[in-house]
Amino acid sequence: MHAELQLQETCRDITISHSSRSHKKYVFMYDRHGVELRRLKAHIEPTRLESLPYHWLLASVENNVFLKYQDTSIVIGHIVAEHRTKFGACHTLAQNKHNAVLHLGHSNGVVTLRTPNIPHPAVQILAHLGPVVGLSVDPSSGGRYMAMSGQDSVVRDCAGMDGKRWQC
């Protein structure tokens, strides 16, 4: 452990790769000693963060149902992509480490798979009758298996046949 921070405010999510923390209003980036480097004002009230380290991107899902990708290279870049999710609030976010596709679980039971270059979901699955509360992608299978849980007390697993077809 390199540093311990007493933030004195709500911390909603954290990602280690870029040392980013989602506070109540903005996303902050810190160095390994806990010194604040940047405040990313473009991310307003983020609920989940995910780092895409090989692409130098930071993804966040906000309360107002926007998915934003920001360039985090040496010179802090701009927002690369900003997509409206259109499926209600998103409180679950997972990344497939093999292809950097983001899996989002929404409050209406839909799971969507998203990439920064497509404004609509690459895959859309109606998985639960209520909100999706947990989502995970199996890294040992090459990202072909996904497990999700819903507030309806059901756990489902899906197998990806290819990039577009999923069987649950």
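These values consider heavy atoms only, across backbone and side chains, with no hydrogens, waters or symmetry-generated copies.
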Linked hydrophobic residues, Val110 as query - side chain contacts closer than 4.5 Å
Phe87, Leu126
Val101 with Val123, same ILVMFWY side-chain cluster at under 4.5 Å:
yes
ILVMFWY network linking Val137 to Leu52, side-chain heavy atoms under 4.5 angstrom:
no
If we ignore hydrogens and angles and just use 3.5 Å, is the side chain of Glu62 paired with the main-chain N or O of Ile44 as donor and acceptor?
yes
Is the shortest heavy-atom distance from the side chain of Met146 to the side chain of Asp157 under 4.5 Å?
no
Checking side-chain contact (heavy atoms from CB on, under 4.5 Å) for the pair His43/Ile79: CA distance, chi angles, key distance, verdict?
CA-CA 9 Å; His43 304 265; Ile79 295 289; 4.0 Å; yes
Does Glu45 come within less than 4.0 Å of Lys25, counting only side-chain N to carboxylate O?
no
Measure the spacing between CG of Leu113 and CD1 of Ile118 and express it to the nearest 0.5 Å.
10.5 Å
Mind listing the closest non-hydrogen atom pair of Ala100 and His55 along with its distance?
CB-CE1, 3.4 Å
For Leu135 and Leu93, run side-chain contact (heavy atoms from CB on, under 4.5 Å): C-alpha distance rounded to whole Å, both residues' side-chain angles, the deciding distance at 0.1 Å, then the answer.
CA-CA 7 Å; Leu135 190 61; Leu93 178 64; over 6 Å; no
Closest heavy-atom pair, Pro116 versus Leu57, reported as atoms and distance to 0.1 Å, is CG-CD1, 4.3 Å
Taking atom OH as the centre, does Tyr145 end up with more than 12 heavy-atom neighbours from other residues, nucleotides or ligands that are less than 6.0 angstrom away?
no
Leu67 side chain reached by Arg114 side chain, heavy atoms, under 4.5 Å
yes
Working note: Met148 + Cys158, criterion side-chain contact (heavy atoms from CB on, under 4.5 Å); need CA distance, chi angles, decisive distance, verdict.
CA-CA 8 Å; Met148 55 204 133; Cys158 294; 3.1 Å; yes
So NE2 of His83 and NE2 of His120: to nearest 0.5 Å the spacing works out to 9.5 Å
Does the Lys68 side chain pair with the main chain of Ala42, one donor and one acceptor, at a distance under 3.5 Å?
yes
Spacing of CD belonging to Gln70 relative to CH2 belonging to Trp56, to within rounding of 0.5 Å
13.5 Å
Going from SG on Cys90 to CZ on Arg48, what distance comes out if it is rounded to the nearest 0.5 angstrom?
8.5 Å
Can you tell me how far CD1 of Ile125 sits from CZ of Arg156, rounded to the nearest 0.5 angstrom?
10.5 Å
Considering non-hydrogen atoms only, spot the tightest contact between Ser60 and Leu49 and give its length.
CB-CD2, 3.6 Å
So, taking the atom named NE2 in His103 and the one named CD in Gln95, what distance separates them when rounded to the nearest 0.5 Å?
9.0 Å
Think Arg39 forms a cation-pi with Phe28, using NZ or CZ under 6.0 Å from the six-ring centre and within 45 degrees of its axis?
no
Side chains of His106 and Val111: does their closest heavy-atom pair fall under 4.5 Å?
no
Quick one: does Asp152's side chain have a donor or acceptor within less than 3.5 Å of a partner on Leu129's backbone?
yes
Work out which heavy atom in Pro46 is nearest to a heavy atom in Val27; give both atom names and the distance.
CG-CG2, 3.5 Å
Short side-chain to backbone donor-acceptor contact, Thr47 and Val61, under 3.5 Å:
yes
Connected to Val155, directly or through other members, by ILVMFWY side-chain contacts below 4.5 Å are none
So which atom in Asp138 and which in Ser141 form the shortest heavy-atom distance, rounded to 0.1 Å?
O-OG, 3.2 Å
Co-membership, hydrophobic cluster, residues Leu102 and Val80, 4.5 Å side-chain:
yes
With the side chain counted from C-beta on, respond yes when Met29 and Thr72 share a heavy-atom pair under 4.5 Å apart, and no when they do not.
yes
Dump the intermediate steps for side-chain contact (heavy atoms from CB on, under 4.5 Å) on Tyr69 and Glu50, then the final yes or no.
CA-CA 9 Å; Tyr69 293 88; Glu50 191 68 45; over 6 Å; no
Can you find a heavy atom in the side chain of Asn99 that is under 4.5 Å from one in the side chain of Thr115?
no
